[in-house]
2 protein chains.
Amino acid sequence: MDQHNNNQDQISEGTRKGKSPVRLSREAVVGLALHIADKEGIDAVSFRRLANDFGVTPMAVYRHVRSKDDLLDAMTEQMLASFDTSAVRETDWRDQVRGLLYALRQVLLDHPSGRVLLSRRSLPEANRLKLFEASLGILRGAGFEPREAFFIFEHFLNQVVSLVVAGDGYVQGSEEERQVWGAQLLEFYGGLPQQEFPWLVEAAPNIAACVDKDSHFKFGIDLLLAGVEAIAVSMRSKNHSAGEQKRAPR
Amino acid sequence: MDQHNNNQDQISEGTRKGKSPVRLSREAVVGLALHIADKEGIDAVSFRRLANDFGVTPMAVYRHVRSKDDLLDAMTEQMLASFDTSAVRETDWRDQVRGLLYALRQVLLDHPSGRVLLSRRSLPEANRLKLFEASLGILRGAGFEPREAFFIFEHFLNQVVSLVVAGDGYVQGSEEERQVWGAQLLEFYGGLPQQEFPWLVEAAPNIAACVDKDSHFKFGIDLLLAGVEAIAVSMRSKNHSAGEQKRAPR
DNA sequence: ACCTGAACACCGTTCAAGT
DNA sequence: ACCTGAACACCGTTCAAGT
């Protein structure tokens with residue numbers, strides 16, 4: 001997290017006037033953009049805003065970044081640079097998967113804008129490719145067919161992303177903002193007419209407490225892995241009769 | 001789907017000049033907005049665009065819609081109006097759940113903008129509340145605790161949304177656009193260096209064929225329900241020793 | 001090579017005014 | 001009640017210049 005502040009610490013003090021024009025670099029531009037996105041939301045990132053913070057004209061930014069799409073791709077890459085892939089060295093595939101999911105979670109906790117970045121439609125670059133490849137390797141090693149492995153990976157990604165942002169409670173802003181939103185949710189759902197919405201009224205505290213991320217995340221991952229295990233088992237019984245596969249999931 | 005054309009058929013022919021000023025209504029505004037969002041993507045929806053299509057000044061739209069947020073909320077509601085809730089009358093909770101998930105899928109297939117609409121952070125209105133309430137009721141009836149029921153519902157929603165948009169292959173545009181994107185994916189992943197990315201090269205056809213929505217959706221729902229079943233079973237065994245619950249999942 | 005300045009075609013939203 | 005017109009503070013991006 002702190003490594004992204006470096007770029008900004010050299011600049012900071014807001015709208016500097018004309019002097020010591022801090023030569024831009026792609027890394028600095030992307031670093032500041034990611035920092036702004038994480039602290040103020042992805043919508044706060046604009047060429048004009050970046051230029052302003054750098055004390056430079058909007059068009060100067062274009063020398064280091066081809067377009068907004070390019071900028072967002074680069075932000076995704078820089079974010080994933082901190083991804084901890086050490087879990088691939090576990091021996092059991094379940095531990096490998098769990099490890100990667102928790103590593104991805106950590107990235108998303110450090111970078112609230114990650115949800116938006118990861119759900120953009122674009123071709124992945126180096127870091128994202130490595131994550132993708134490692135995951136497929138684990139699932140193929142566990143005995144899943146290419147198709148299943150891909151589907152399962154996709155669901156892993158979706159699941160982690162949506163678990164971290166905690167569904168309804170998703171806020172890319174500050175901790176305080178999230179508290180306020182939680183209070184609003186509690187008031188809203190708790191105040192619904194009880195005859196018409198008995199289950200919603202009952203669930204109101206749980207809906208509002210979506211801030212309780214740890215247990216929420218664990219529940220979701222357990223749910224997902226339970227499903228994957230079940231599929232693995234049913235695959236193994238199918239292979240028993242068909243037997244066209246090299247390795248069955250253990 | 002066609003009911004949204006009604007509003008537009010009266011207007012159409014693009015930028016009409018001054019005459020027969022078609023009195024706006026909230027329903028007409030929201031209907032056209034949803035229609036534009038589904039055909040051209042959510043970003044194509046703007047007050048200026050709506051005003052232009054209606055042959056009216058941008059500010060006229062504000063008489064029927066308080067703000068952009070209000071407009072998006074209303075679009076979500078109008079979209080969910082076509083939600084088929086008949087599945088709640090099934091007898092087994094698994095069938096009820098499956099039915100609702102497939103009904104939601106249908107809504108999202110009819111409305112490509114639904115993904116964006118449903119992942120906005122806002123308090124739900126009537127139609128969305130009813131869907132939420134019905135789902136909780138089913139899960140509570142199946143014996144899940146309020147907290148689990150809420151978590152599971154959340155995952156259902158996330159799962160359906162992300163399954164329908166098919167992860168990487170998500171395109172809110174036309175069928176043709178999706179084909180193009182699929183071809184790009186195939187070329188990209190298929191063309192990666194095989195030593196470095198063996199699993200990605202192998203999976204390339206599957207990644208590109210994410211257009212194959214039916215089997216993809218079925219796989220995801222099966223995965224999710226397998227996980228839920230497993231949780232239900234482990235809950236039942238826990239209750240065996242604790243026994244603090246009214247009903248256990250059957 | 002790197003940055004500036006002006007322009008184009010867009011946004012959401014406010015405010016005062018017309019009918 | 002419903003719509004207009006002008007304005008404010010924003011967008012991404014292009015193009016022709018400056019140094």
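Proteins come first, then strands; the chains are lettered A, B, ... in the order of their sequence lines, and each starts at number 1.
Following rounding to the nearest Å, B:Asp43 (CG) and C:dC11 (P) show an atom-to-atom distance of 10 Å. Rounded to whole Å, atom C1' of D:dC10 lies 12 Å from atom CG of A:Asn52. The separation between A:His64 atom NE2 and C:dA1 atom P is 12 Å, rounded to whole Å. The distance between atom CZ of B:Arg26 and atom P of D:dA1, rounded to the nearest whole Å, is 18 Å. The nearest whole Å value for the distance from the CG atom in B:Leu50 to the C1' atom in C:dC11 is 13 Å.
In this structure, CZ in B:Arg128 is found 10.0 Å from CG in B:Leu123, a value given to the nearest 0.5 Å. How far NZ of B:Lys68 is from OG of B:Ser46: 6.5 Å, rounded to the nearest 0.5 Å. Remark: A:Glu154 CD to A:Phe150 CZ distance equals 4.0 Å, nearest 0.5 Å.
Using the Watson-Crick or G-U wobble rule with both distances under 3.5 Å, C:dA7 pairs with D:dT13.
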Protein N or O to nucleotides 12-14 of chain C N or O, pairs below 3.5 Å:
| from | atom 1 | to | atom 2 | distance (Å) |
| --- | --- | --- | --- | --- |
| C:dG12 | OP1 | B:Lys68 | NZ | 2.8 |
| C:dG12 | OP2 | B:Phe47 | N | 3.1 |
| C:dG12 | N7 | B:Arg48 | NH1 | 2.4 |
| C:dG12 | O6 | B:Arg48 | NH2 | 2.9 |
| C:dT13 | OP2 | B:Tyr62 | OH | 3.0 |
| C:dT13 | OP2 | B:Lys68 | N | 2.9 |
| C:dT13 | O5' | B:Tyr62 | OH | 3.3 |

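A salt bridge does not link A:Lys130 to A:Glu125: none of the charged side-chain nitrogens sits closer than 4.0 Å to a carboxylate oxygen.
Between B:Tyr189 and A:Phe132, the ring-plane angle classifies as perpendicular under the 30° and 60° cut-offs.
When side chains are defined from C-beta on, A:Ile36 counts as touching A:Asp53, because their heavy atoms get closer than 4.5 Å.
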